[in-house]
There are 2 protein chains.
Amino acid sequence: MSELSEHNHDRLIEEVSGEMPDDDMLYDLAELFHIFGDSTRIKILYALFESEMCVCAIAQLLNMNQSAISHQLRILKQSKLVGCRREGKTIYYHLSDDHVKTIINQGMQHINE
Amino acid sequence: MSELSEHNHDRLIEEVSGEMPDDDMLYDLAELFHIFGDSTRIKILYALFESEMCVCAIAQLLNMNQSAISHQLRILKQSKLVGCRREGKTIYYHLSDDHVKTIINQGMQHINE
DNA sequence: CTTTCATATGAATAACTGTTCATATGATAA
DNA sequence: TTATCATATGAACAGTTATTCATATGAAAG
């Protein structure tokens, strides 16, 4: 590698480095996408597009056992992607905000091309 | 559960079921997000926002060894998120399309709230 | 041809993750 | 209280994955 290109090489790295967000932010970002990166969770989120649902309804819809759904709902709740409300014995889950829809739809758009 | 609410319960499941995309599509969607769900890959993609870069530059920028970057680039290339061109011994990687930026920015927007 | 540089690849390993099973909690009804 | 229904949780297991190390490929230069 010539001295000139080596210079450019290092300059590029420095430049790009200056434009990169904090490591923490990039970590959080990866963590967010990681949540979406599981088909069960995507299905749950997609189901909640339509309306709030209780755990057993989601389990029935996805044809999976209640425990598996409950575990995934906990993860979704911890990351603030869903919320829930109690009504007697039943607990209804719902999407926290419309960002979830936007992100999933954006992904869908990418798939369909 | 009363007969009425049981009826509504089943009707809801049927309704939501009708609105759900194919399993295959949801699987692909999860797979797409799964790619973004790793901090090394996010960092690589973010770096390529600015300009194309060769493998060793990315490795240097992220302070990781060349092999690790190479492995991740292969995954990104397989999922068509990045492309590359050869120039002598050097191989330059770049983002495949602007969808990648859009998806990542959407995620960023969600984080910053 | 041989050396060198940039990149790719395979095997190995350690860490992580999703599901299941069994059981616990918590609310309602009897 | 006891029984029952809806949900949550912990432990265990199987499958997956990111990184490292060692080595291979492939291109250019000498």
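Labels below follow one simple rule: chain letters A, B, ... track the order of the sequence lines, proteins then strands, and each chain is numbered from 1. These numbers were taken from a predicted model, which means no experiment stands behind them.
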> Between Thr102(A) (side chain) and Asp98(A) (backbone), is there a donor-acceptor pair under 3.5 Å?
Replying inline: yes
> Is the aromatic ring of His71(A) within stacking range of dT9(D), meaning centres under 5.5 angstrom and planes under 30 degrees?
Replying inline: yes
> Considering heavy-atom distances to DNA chain C, does Cys84(B) or Gly88(A) have its closest nucleotide positioned more toward the 5' end?
Replying inline: Cys84(B)
> Any donor-acceptor pair under 3.5 Å joining the side chain of Ser67(B) to the base of dC21(D)?
Replying inline: yes
> Using a cut-off of less than 4.0 Å, is there contact between a side-chain N or O of Thr40(A) and OP1 or OP2 of dT19(C)?
Replying inline: yes
>> With a 3.5 Å cut-off and heavy atoms only, can you find an N or O donor on one side and an acceptor on the other between the side chain of Gln66(A) and the base of dA8(D)?
In response: yes
>> I want to check one thing: is the phosphate of dA6(D), taken as OP1 and OP2, less than 4.0 Å away from some side-chain N or O of Tyr93(A)?
In response: no
> Counting only N and O atoms by type, is there a donor-acceptor contact under 3.5 Å from the side chain of Arg41(A) to the main-chain atoms of Ile35(A)?
Replying inline: yes
> Is Gln72(B) near enough to dT19(D) that one of its side-chain N or O atoms lies under 4.0 angstrom from OP1 or OP2?
Replying inline: yes
>> Quick check: on DNA chain C, is the nucleotide nearest Leu73(B) upstream (toward 5') of the one nearest Asn65(A), or the reverse? Name the residue that is more 5'.
In response: Leu73(B)
> With no hydrogens and no angle check, is any side-chain donor or acceptor of Ser39(B) less than 3.5 Å from a backbone partner on Ala30(A)?
Replying inline: no
> Just to confirm, is there a sub-4.0 Å distance from OP1 or OP2 of dG18(C) to any side-chain nitrogen or oxygen of Arg41(A)?
Replying inline: yes
